[in-house]
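Heads up: the structure comes next, in structure tokens.
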Amino acid sequence: MASITFRNFHSYTNSSSTALLPDDILHKILCSLNLRNRAIASQVCKTWHDIISLCNINDNIINDNVLQAQVSNRTFCAYCCSRIVHRICYHSLYPIVVKFASDNINFEELYLIATVTSLALSPAIFQSRVLLTVLCLKNCKFEDEAFDDIQEMNLLKEIYFVSVQISPINFVKLINNCPSIADLTLINCYNEFGVFPILLPDLNQLKKVHLSGTGIGPIEIKARNLREFHLLRSLAVKLDLSACTKLHVLKIDCEYIPIGFPNDISSAFPCLKSLFLRSCKGLKIFKLSSPELENLALSNMVDLNDAVIVTPNLRSFKIVDMKQVPNSCPIVGSSLMEVEIGFKYVTSISRLVRYLRALGENLGDNLTFSLTTDAATESKLRQQLNQRY
């Protein structure tokens with residue numbers, strides 16, 4: 001595999017050094033580079049950029065050992081080797097990336113991480129992806145042409161869309177051609193002409209769904225085997241999870257409680273093992289009576305006034321960033337291993353004392369317990385406890 005060391009990109013830009021080699025020799029050298037070196041070389045000068053954009057993607061690039069390792073562990077972008085999780089890629093790779101996406105090559109994982117400016121994609125990128133198992137797109141947008149000719153991708157199991165523009169109709173067509181999808185993550189995805197509704201059919205293999213963003217519209221999930229659902233949103237949204245009776249993990253991190261969220265959570269999700277609720281304005285009372293629940297976290301529940309909670313097998317209980325003290329506390333047993341309590345600016349200290357006493361009567365052995373309050377609440381709480389004891 002040929003390689004080139006670039007010392008100073010700017011010194012090459014306006015020099016005649018590129019003319020030292022015949023065009024055919026220069027073409028062979030640049031086309032033999034792997035994707036990472038092509039990305040670097042394309043920024044040397046316009047001539048090199050134009051040559052590289054015309055290079056074919058060959059098997060040597062796909063089989064490069066370093067590239068294979070970076071793709072398989074899903075830590076790096078396959079095009080510029082930047083970390084996917086912590087930062088986006090700022091390289092000007094549009095011609096190269098688009099060509100790579102459209103070439104007739106089968107491989108297992110595809111990552112297109114564009115700059116802040118959306119990268120226009122055609123549905124043609126899916127046409128030859130019969131072996132695709134992971135699809136990750138960031139800062140991309142699909143053209144308006146329909147997905148009618150998209151091929152079924154039977155092996156695709158994971159989809160990660162971050163800041164992707166796609167019409168609801170095309171999204172449904174894409175999902176319907178992925179019968180084996182197990183993990184779906186949509187972050188800040190949007191529709192050019194309005195809200196982006198999430199309508200997921202009964203996909204037998206779908207186990208995890210993570211949704212985040214203000215552009216998300218009504219959500220309806222009919223996947224009966226769904227095990228984990230996360231929703232992060234600031235505005236109110238309609239949510240229908242009535243078909244997801246096998247749900248094990250439910251995380252709702254919303255400023256307002258979703259429209260249609262059940263008051264009796266245990267009846268709606270009898271298999272629930274972990275529940276996390278944050279903020280959820282408008283949720284004043286909810287019922288939870290579940291022998292299956294092991295982890296419960298309530299955070300900044302601004303309107304919560306009363307919670308009927310019966311969870312005998314609870315192992316971790318957190319109620320933090322709270323201003324109101326609920327009337328009821330969990331009924332717990334010896335399985336409880338971790339308790340974290342956090343109240344700020346409590347108006348009724350006596351109610352907090354009763355709550356802590358009721359909780360303390362049910363605590364088991366080998367327990368980790370922490371209580372966090374503001375200075376004023378702590379002072380008043382100490383005074384009441386000193387008066388009583």
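Hydrogens, waters and symmetry mates are skipped; everything else that's a heavy atom, side chains included, is used.
- At least one side-chain heavy atom of L174 sits under 4.5 Å from a side-chain heavy atom of F161.
- Here the CG-CD1 distance, from L137 to I159, works out to 8.5 Å after rounding to the nearest 0.5 Å.
- One hydrophobic cluster, built from ILVMFWY side chains closer than 4.5 Å, cannot hold both L231 and V162; they sit in different ones.
- The neighbour count for I169 CD1, taken as heavy atoms of other residues, nucleotides or ligands under 6.0 Å away, does not exceed 12.
- Between atom CG of residue L239 and atom CD1 of residue I219 there is a gap of 5.5 Å, rounded to the nearest 0.5 Å.
- Only one option out of L296, L304, V339, I341 pairs with I319 in a side chain to side chain contact (heavy atoms under 4.5 Å, CB included); it is I341.
- Residues satisfying the side-chain hydrogen bond (donor to acceptor under 3.5 Å, both in side chains) test with T214, not counting sequence neighbours, are none.
- For V172, the side-chain contact (heavy atoms from CB on, under 4.5 Å) partners two or more places apart in sequence, or in a different chain, are N176.
- Residues passing the ring-ring contact (aromatic ring centres under 6.0 Å, His included) test with F171 are F196, sequence neighbours excluded.
- Here K287 pairs with D264, V308 under the side-chain contact (heavy atoms from CB on, under 4.5 Å) rule; sequence neighbours left out.
- You'll find the side chain of M322 reaches within 4.5 Å of the side chain of M301, heavy atoms only.
- Within the model, atoms CG of L232 and CD1 of I252 stand 10.0 Å from one another, a figure rounded to the nearest 0.5 Å.
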Discussion item. Walk me through whether E340 and V320 qualify under side-chain contact (heavy atoms from CB on, under 4.5 Å).
Written reply: CA-CA 7 Å; E340 182 178 347; V320 296; 3.7 Å; yes
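- K246 pairs by the side-chain hydrogen bond (donor to acceptor under 3.5 Å, both in side chains) definition with N225, not counting sequence neighbours.
- One N or O on the side chain of S266 and one on the backbone of S289 form a donor-acceptor pair closer than 3.5 Å.
- Connection of I166 to I187 is not established within any shared hydrophobic cluster, with ILVMFWY side chains joined at heavy-atom distances below 4.5 Å, either directly or through further cluster members.
- Under the rule for a side-chain contact (heavy atoms from CB on, under 4.5 Å), the partners of S242 that lie at least two apart in sequence or sit in another chain are D240.
- Not a single donor-acceptor pair under 3.5 Å links the side chain of T311 to the backbone N or O of L314.
- In this structure the side chain of K222 never reaches within 4.5 angstrom of the side chain of P201, judged on heavy atoms.
- Screening residues 203-224 for ring-ring contact (aromatic ring centres under 6.0 Å, His included), with sequence neighbours left out, gives H210-H230.
- Between the CG atom of L250 and the CZ atom of F261 there is a distance of 5.0 Å, given to the nearest 0.5 Å.
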With a 3.5 Å cut-off and sequence neighbours excluded, list the donor-acceptor pairs that the side chains of residues 269-278 form with protein atoms.
{"unit_1": "K273", "atom_1": "NZ", "unit_2": "E292", "atom_2": "OE1", "d": "3.4"}
{"unit_1": "S274", "atom_1": "OG", "unit_2": "N295", "atom_2": "ND2", "d": "3.1"}
{"unit_1": "R278", "atom_1": "NH1", "unit_2": "D253", "atom_2": "OD1", "d": "3.3"}

For residues 177-185, which side-chain donor-acceptor pairs fall under 3.5 Å, sequence neighbours excluded?
{"unit_1": "N177", "atom_1": "ND2", "unit_2": "K173", "atom_2": "O", "d": "2.7"}
{"unit_1": "S180", "atom_1": "OG", "unit_2": "N154", "atom_2": "O", "d": "2.6"}

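- Checked by atom type, the side-chain pair Y160/E158 shows a donor-acceptor distance below 3.5 Å.
- A donor-acceptor pair is defined here as one N or O able to donate and one able to accept, closer than 3.5 Å; such a pair exists between the side chain of D303 and the backbone of G282.
- Residues L30 and L26 meet the side-chain proximity criterion, which asks for heavy atoms closer than 4.5 Å.
- Closest non-hydrogen pair, G217 versus V237, comes out as O-CG2, 2.9 Å.
- A salt bridge between K207 and E228 is absent, with no side-chain N of the basic residue lying under 4.0 Å from a carboxylate O of the acidic one.
- Taking OG from S163 and OH from Y190, the interatomic distance works out to 7.0 Å, rounded to the nearest 0.5 Å.
- Expressed to the nearest 0.5 Å, how far OG of S316 lies from CD of E294 amounts to 10.5 Å.
- The closest side-chain heavy-atom distance from L186 to I198 is below 4.5 Å.
- Residues forming a side-chain contact (heavy atoms from CB on, under 4.5 Å) with L226 (at least two apart in sequence, or on another chain): L206, V209, I221, A223, F229, C244, L247.
- The side-chain hydrogen bond (donor to acceptor under 3.5 Å, both in side chains) test applied to S299 returns no partner, not counting sequence neighbours.
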Discussion item. Using side-chain contact (heavy atoms from CB on, under 4.5 Å), reason through L135 and L156 one step at a time and then give a plain yes or no.
Written reply: CA-CA 8 Å; L135 174 63; L156 187 61; 4.1 Å; yes
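- Here the shortest heavy-atom pairing between A268 and P262 reads CB-CG, 3.7 Å.
- Side chains of I175 and L203 form a contact here, defined as non-hydrogen atoms less than 4.5 Å apart.
- At a threshold of 4.5 Å between non-hydrogen side-chain atoms, the residues N263 and L283 count as touching.
- Residues passing the side-chain hydrogen bond (donor to acceptor under 3.5 Å, both in side chains) test with S279, sequence neighbours excluded: none.
- Salt bridge present: E338 and K318 bring a charged side-chain N and a carboxylate O closer than 4.0 Å.
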